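Quick caveat, the model's predicted, so the values are computed rather than measured.
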Amino acid sequence: MKTRTLWRGASIAAMTPDRPWGWIEDGALLTDGDRIEWIGRADDLPAGLDVHIEHRLSGGVITPGLIDAHTHLVYGGHRAREFELRLQGASYEDIARAGGGIRSTVTATRGATEVELLRDATRRARCLIAEGVTTIEIKSGYGLSFADEARCLRVARRIGEQLPLTVRTTALAAHAVPPEFEGRADDYIDAVCGWLPGWHAQGLVDAVDGFCESIAFSPAQIERVFNAARALGLPVKLHAEQLTDSGGALLAARHGALSADHLEHLGSDGVQAMAQAGTVAMLLPGAYYFLRDTHLPPVQALRDAGVPMAVATDHNPGSSPTLSPLLMLNMACTLFRLTPEEALAGMTRHAAQALGLSQTHGQLTPGRRADFALWHIDHPNELAYRFGHNPCAQVVWGGRPGKEQPE
């Protein structure tokens, strides 16, 4: 039996595109089960409502639940030593070519049990939930074998079963060449294409990703993975133009990718191709900051072309070990010059589009999932303004309120 619940006494930033912030002063939100039934000003509530539960709030702001649409949450070990090496002058590429980087995490991940991987990833996911997150994407990419990638994808699925969190899984086996395929990148890509149907048959994959870069895979190699994914009816996305302009965004757009991610070296041709394809630009300020990059993604060009810009943590052990989506909102503004409203849209409305969930998530409108967060703030611009501060009072997932946070 569904439960009709009324939330009133707070302003609402519905994040609809029809007006700034989708702002509703002194709002009210009615849920029926896990869906939103009605939203608007409290003074406009329909008369004679049959409400089972009513929450009278004492101010604050309700926003859609945050969506972290690019994470690598399942892995073993950490790479703190590499952080030191970079500070001593080693580059990301130097470390990767010396056998560190992704490969070192592959070794640690293969050596961890599934129980250990689930325990650690669940802890990380709880940190995201505490800052208002209700939906995440989790990529594989640290197993790099059929069995180990499947293990990581299973763990990701289990997180979504055990926590109040919607989890979308992405197969990122085309992340790096594992040691057993040293010098045989093409053979490894053949293997990945052969593994995809098995993972898909097990119900482990929602999308397919790849790392298109000089230290990873060429556009031609990634295209083979994309063709295998599309043959299975799976959407694609791509790590593109992070270190060089390798044509990844053009490839992603040609395949109708949900998103192209990083994009620090994105050129004007890639911007236009993404605009025409409806591919979301996934901005990852945590990696830009942590790697001390100086080449900014072309935010103004993306803005001018009408390319939706999403923002995510890119949580991973090597280049963005953050678990703070709120800090990413601030960095998206301070480093990339997004406006606070653009940043929040990037972690709600546009993030939903980047996961193929734009019809059900990311905005507060009737018929969508009742995923939202209540914040101890006066205006949503405060979410990007402060850093090192968490004003999340409560997270509601599918109409079910979680534990209230202390003020």
Side-chain angles (χ1 to χ4, degrees), residues 70-72 75 77-110 139-145 148-149 170-193 208-226 236-252 257 259-267 270 282 284 286-297 314-321:
H70 182 130
T71 83
H72 305 251
Y75 58 85
H78 63 79
R79 290 182 4 220
R81 176 56 183 155
E82 292 179 16
F83 175 61
E84 289 187 280
L85 291 174
R86 281 200 301 275
L87 293 174
Q88 294 165 10
S91 71
Y92 186 83
E93 295 96 323
D94 292 337
I95 292 169
R97 294 190 190 283
I102 293 168
R103 277 195 176 183
S104 64
T105 300
V106 170
T107 299
T109 302
R110 288 179 174 181
K139 302 178 189 293
S140 65
Y142 293 123
L144 306 189
S145 71
D148 288 303
E149 287 286 291
T170 296
L172 179 58
H175 197 196
V177 178
E180 60 269 26
F181 281 88
E182 181 68 43
R184 298 188 296 123
D186 279 325
D187 290 343
Y188 180 64
I189 290 296
D190 286 341
V192 170
C193 294
V208 174
D209 197 349
F211 189 13
C212 186
E213 194 53 74
S214 57
I215 62 171
F217 299 101
S218 69
Q221 289 167 333
I222 293 295
E223 184 148 37
R224 286 157 55 194
V225 176
F226 280 6
V236 298
K237 52 185 63 180
L238 187 64
H239 287 59
E241 271 68 286
Q242 181 183 11
L243 306 174
T244 60
D245 186 355
S246 60
L250 292 171
L251 171 65
S259 68
D261 304 32
H262 287 290
L263 303 177
E264 283 84 350
H265 293 264
L266 177 65
M282 181 66 68
L284 305 171
Y288 176 89
Y289 164 81
F290 196 73
L291 296 177
R292 299 196 302 167
D293 203 343
T294 57
H295 204 289
L296 288 164
D314 185 22
H315 174 81
N316 74 80
S319 64
S320 188

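One side chain, D261 or H70, offers a donor N or O that lies under 3.5 Å from an acceptor on the other. For S246 and E213, the side-chain atoms include no donor-acceptor pair closer than 3.5 Å. With hydrogens and angles left out, the side-chain atoms of S218 and E223 include no donor and acceptor closer than 3.5 Å. Side-chain N/O atoms of R86 and S91 include no donor and acceptor closer than 3.5 Å.
Shortest non-hydrogen contact noted between A249 and A240 is N-CB, 3.9 Å. Between D148 and S145, the shortest heavy-atom contact is OD2-OG, 2.9 Å. Heavy atoms only, all atoms of each residue included: C212 and G248 are closest at SG-CA, 4.0 Å. For D314 against A287, the heavy-atom pair with the smallest separation is OD2-CB, 3.6 Å. Listed here is the closest heavy atom pair of G141 and V106: O-CG2, 4.4 Å.
We find that R110 and E149 are not joined by a salt bridge, their nearest charged nitrogen and carboxylate oxygen being 4.0 Å or further apart. Classification of R224 and D186 as a salt-bridged pair holds, one side-chain N sitting under 4.0 Å from a carboxylate O.
A heavy-atom distance below 4.5 Å is found between the side chains of H72 and L172. With a 4.5 Å cut-off on side-chain heavy atoms, P178 and R103 do not count as touching. Counting heavy atoms from C-beta outward, F211 and I222 have side chains that stay 4.5 Å or more apart.
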Legend entry - Test log, rule side-chain contact (heavy atoms from CB on, under 4.5 Å), inputs L85 and I95: CA-CA 8 Å; L85 291 174; I95 292 169; 4.2 Å; yes

Inset, instruction - Determine, step by step, whether K139 and T71 satisfy the side-chain contact (heavy atoms from CB on, under 4.5 Å) criterion, reporting the C-alpha distance in whole Å, the side-chain angles of both residues, the deciding distance to 0.1 Å, and the verdict. - result: CA-CA 6 Å; K139 302 178 189 293; T71 83; over 6 Å; no

Legend entry - From CA spacing to verdict: salt bridge (charged side-chain N to carboxylate O under 4.0 Å, His left out), K237, D209: CA-CA 5 Å; K237 52 185 63 180; D209 197 349; over 6 Å; no

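Under the ring-ring contact (aromatic ring centres under 6.0 Å, His included) criterion, F290 pairs with F83, sequence neighbours left out. Residues forming a side chain to side chain contact (heavy atoms under 4.5 Å, CB included) with L296 (at least two apart in sequence, or on another chain): Y288, F336. H295 meets the ring-ring contact (aromatic ring centres under 6.0 Å, His included) test with H265; sequence neighbours excluded.
When atom types are taken as modelled, the side chain of T109 and the backbone of T105 share a donor-acceptor pair closer than 3.5 angstrom. Panel note: side chain H262, backbone E264; no donor-acceptor pair is recorded below 3.5 Å. With hydrogens and angles disregarded, no donor-acceptor distance shorter than 3.5 Å links the side chain of E82 to the backbone of G100.
The six-membered or imidazole ring of H315 lies near that of Y75, with a centre-to-centre distance under 6.0 Å.
Within 6.0 Å of the CZ atom in F181, the count of heavy atoms belonging to other residues, nucleotides or ligands exceeds 12.
For the side chain to side chain contact (heavy atoms under 4.5 Å, CB included) criterion with S319, the lone passing option out of L284, L291, I102 is L291. Tested against F217 for a side chain to side chain contact (heavy atoms under 4.5 Å, CB included), the candidates I189, V192, V225 yield a single pass: I189.
Atoms OH and CG, on Y188 and D190 in that order, are 12.0 Å from each other to the nearest 0.5 Å.
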